[in-house]
Amino acid sequence: MSTEERPASSNFIRTIISEDLESGKRDQVITRFPPEPNGYLHIGHAKSFSLNFGLAEDFNGRCHLRFDDTNPIKEDDEYVEAIKADVSWLGFDWGEHLHFASDYFDQLYLWAVQLIKAGKAYVDSQSADEMRENRGTLTAAGIDSPFRNRSIEDNLALFEQMKNGEFADGSHILRAKIDMSSPNMNLRDPAMYRIMHTDHHRTGDKWCIYPMYDFAHGQGDSIEGVTYSICTLEFEDHRPLYEWFLQELDIFAPQQIEFARLNLSYTVMSKRKLLQLVNDKHVSGWDDPRMPTLVGMRRRGYPAAAIRTFCERIGVGKGASWIDLSVLEECVRDRLNESAFRRQAVLNPVKVTITNYPADKVEELDAPNHPQQPEQGTRKLPFGNELYIDRDDFMEDPPKKFFRLGPGREVRLRNAYIIKCNEVIKDETGEVVELICSADLDTLGKNPADGRKVKGIIHWVAAQQATEVSVRLYDRLFNQENPDKAENYIDAINPESCTETTAMVEPGLIDVAAGETFQFERVGYFSVDSKDSKPGAPVFNRTVTLRDTWAKMK
RNA sequence: UGGGGCGUCGCCAAGCGGUAAGGCACUGGAUUUUGAUUCCAGCAUUCCCAGGUUCGAUCCCUGGCGCCCCAGCCA
């Protein structure tokens, strides 16, 4: 616990809860995160569970993890394990409260029977098409099903037969008897139970009827004693139904509160689309580093703490909001700037020969792991007469504001000497292949004695001691701010979202562990890929670039 | 043309009748062996519009305008 006052930017949900606690309407805070195990979690889910778990932490309550597994044809254990891992990765703990909607199937069935007996539910035998036609439209009332007034006995018998597997999928359905003319479509006799002869990932073949979301969610909340059932805006219209079931069943009533889901620019968030990206091989999998999934971001090198910061930073509201991807990237930089060790790597090498440095000499220079955190120690950086620097750091005819290397110019080699470019060697095509330089050997760890200023600092590696490694440069997956607005979002995929290349790196970058993230000084943050790296042969994923005001000036 | 929501700085977002928080972005300037980081300063006389109530309104009322969601036996 920090003694500092946390800024705790408030939001409308926090306000509601504080007032309820103060007025005595509620005496504790129990929330829940209810994912359907039919896909991997993405950053939008992170916003949701950070909110739910965060509220529980703030008010000394608890947050349950409950899988909304009411539709067996879409759900799978693979997803429940992945989801648990993702929530844990972000640092949240549901403790003993791991639940499944399917844990409540027996109780739900009893409640359905109870509603039938009360004349509040009936078995409809219309086809799905007929039901759709009779539901009416947004502006026209629906009409009652011809089966709406079946006797309670018939309904009981039919529902029993549905449960016993005596009917084919789609032949009958249990509906709540509410109001076919309601202006709220959700109240026009919504479906409660459908027939599905499908095995369930947890209950196996025990059931061939499964409850709908609307008939399961509120009751699940109620059973668990959830006080605040926080969901996204599209469920606002479901709230009257959520409350109707709780009231008719006369059970504990949680309060549903809706907030706006996250929209992130240059990405898509719908599970259907993410699944298509995976299935159609536009990406390498759910954990492709370009995916907005948590597994993708983890592999990309995004720290869990950065994602939590992001979720706090964007706030919670009820207006449809669009957050720019750069906000997330800035959170990642913030975090990595603190934690990542610094290293030197040259992505686009051009050779430099230091004429006044002995060819057979190799110095082991000390370079800090983190300049702002000397306690993190140093590593050895070999220096010889042949080096590589980045091609971008040399210009033959530089503009006045360019303070890197150029003919006759001086530049500081980071953590080493100041050198001066005396000659430029090109090949037949006119491409620069080598720079002949001289070093000021009296500038190691100090500025020139004569007081001359050398503004430019560039990174480098010793040619003989450098190793070539694989590097993947990632960029935004889509090149349109809102891919959903494209004729086809697939066409909006950025063809340059992943560029495979290599880099010449210092020795300190070879014996590294999967998932470790470094700052390649002056370039960006790079994370050791967890799948494709091999001992002694790491593959680096570019997590995010460093801010580059020079690039902006150009 | 039905119902449910939302409109406060470029992007988020506090505020709930007493005279516009904060973050990000942006712009200056300082420090810096990363054109990074850090630091300091600036950045809405105004809250979608128009009326009204009030000593006083972003907050209340009326009427407009704009945007989002709903017609799955998905969640």
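Because the structure is predicted, anything quoted here is derived from the model rather than measured. Every chain is numbered from 1 and lettered A, B, ... according to where its sequence line falls, protein lines coming before strand lines.
When heavy atoms are screened at a 4.0 angstrom cut-off, A/K453 is found touching no nucleic acid atom at all. A/V316 comes within contact range of the sugar-phosphate backbone alone, with a heavy-atom separation under 4.0 Å but no base atom that close.
Between A/F540 and A/F518, the angle of the ring planes goes over 60°, which puts this pair in the perpendicular group of the 30/60° scheme. Below 30°, between 30° and 60°, or above 60°: for A/Y213 and A/F235 the angle between ring planes is between 30° and 60°, a tilted geometry. Ring geometry for A/H45 against A/F33 counts as perpendicular: the plane angle is over 60°, on a 0 to 90° scale with 30° as the lower cut.
Ion pairing of A/K318 with A/E236 is present here, as a side-chain N (NZ or NE/NH1/NH2) and a carboxylate O approach within less than 4.0 Å. A salt bridge links A/R14 to A/D58: at least one charged side-chain nitrogen sits closer than 4.0 Å to a carboxylate oxygen. Note on A/D390 versus A/R404: no salt bridge recorded, every NZ/NE/NH1/NH2 to OD/OE distance being 4.0 Å or above.
On the P atoms, B/C59 is 15 Å away from B/G15, given to the nearest whole Å. Across the C1' atoms, B/G5 and B/U45 are found 31 Å apart, a figure rounded to whole Å. Straight-line distance between the P atoms of B/A14 and B/G72: roughly 34 Å, to the nearest whole Å. A gap of 23 Å separates the C1' atoms of B/G7 and B/C43, to the nearest Å. Distance check on atom C1': B/G63 versus B/U27 gives 41 Å, rounded to whole Å. A gap of 16 Å separates the P atoms of B/C9 and B/A20, to the nearest Å. Rounded to the nearest Å, the gap between the P atom of B/G23 and that of B/C40 is 11 Å. To the nearest whole angstrom, the two P atoms, one in B/A57 and one in B/G18, are 12 Å apart.
Within the cation-pi definition used here (under 6.0 Å to the ring centroid, within 45° of the axis), A/R343 does not qualify as a partner of A/F520.
Between A/L275 atom CG and B/A75 atom P the separation is 17 Å, expressed in whole Å.
Pairing for B/C16 is absent, with no Watson-Crick or G-U wobble pair whose two atom distances lie under 3.5 Å. Taking a pair to require two hydrogen-bonding distances under 3.5 Å in either a Watson-Crick or a G-U wobble arrangement, B/G51 pairs with B/C61. Of the nucleotides present, B/C6 is the one that pairs with B/G66 by Watson-Crick or G-U wobble criteria, both distances under 3.5 Å. Remark: B/C39 base-pairs with B/G29; criterion is Watson-Crick or G-U wobble with both hydrogen-bond distances under 3.5 Å.
Regarding contacts with the backbone of B/C24, every side-chain N or O of A/T309 stays at 4.0 angstrom or more from both OP1 and OP2. Between A/S326 and B/A25 there is no side-chain N or O to OP1 or OP2 distance below 4.0 Å. For the OP1/OP2 pair of B/G7 and a distance below 4.0 Å, the side-chain nitrogens and oxygens of A/K318 include no atom meeting the criterion.
B/G72 takes the syn form, because its glycosidic angle lies no more than 90° either side of 0.
Taking every side-chain heavy atom of A/Y213 into account, B/A75 is the closest of B/A14, B/C26, B/A75. The side chain of A/T15 sits closest to B/G15 out of B/G15, B/G2, B/A75.
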Exercise for review: Could you encode protein contacts along nucleotides 66-73 of chain B as a string, one character per nucleotide from 5' to 3', using B for base contact, S for sugar-phosphate-only contact and - for no contact, with a heavy-atom cut-off of under 4.0 Å?
Suggested key: ---BBBSB
Practice item. At under 4.0 Å between heavy atoms, which parts of nucleotides 33-44 of chain B does protein reach? Answer with one letter per nucleotide, 5' to 3': B base, S sugar-phosphate only, - none. Key: BBBBS-------
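Side-chain polar atoms of A/Y302 and A/E329 form no donor-acceptor pair below 3.5 angstrom. A/Y266 and A/N482 are not linked by any side-chain donor-acceptor pair at a separation below 3.5 angstrom, with hydrogens and angles left out of the test.
To the nearest 0.5 Å, atom CZ of residue A/R308 and atom CZ of residue A/F49 are 9.0 Å apart.
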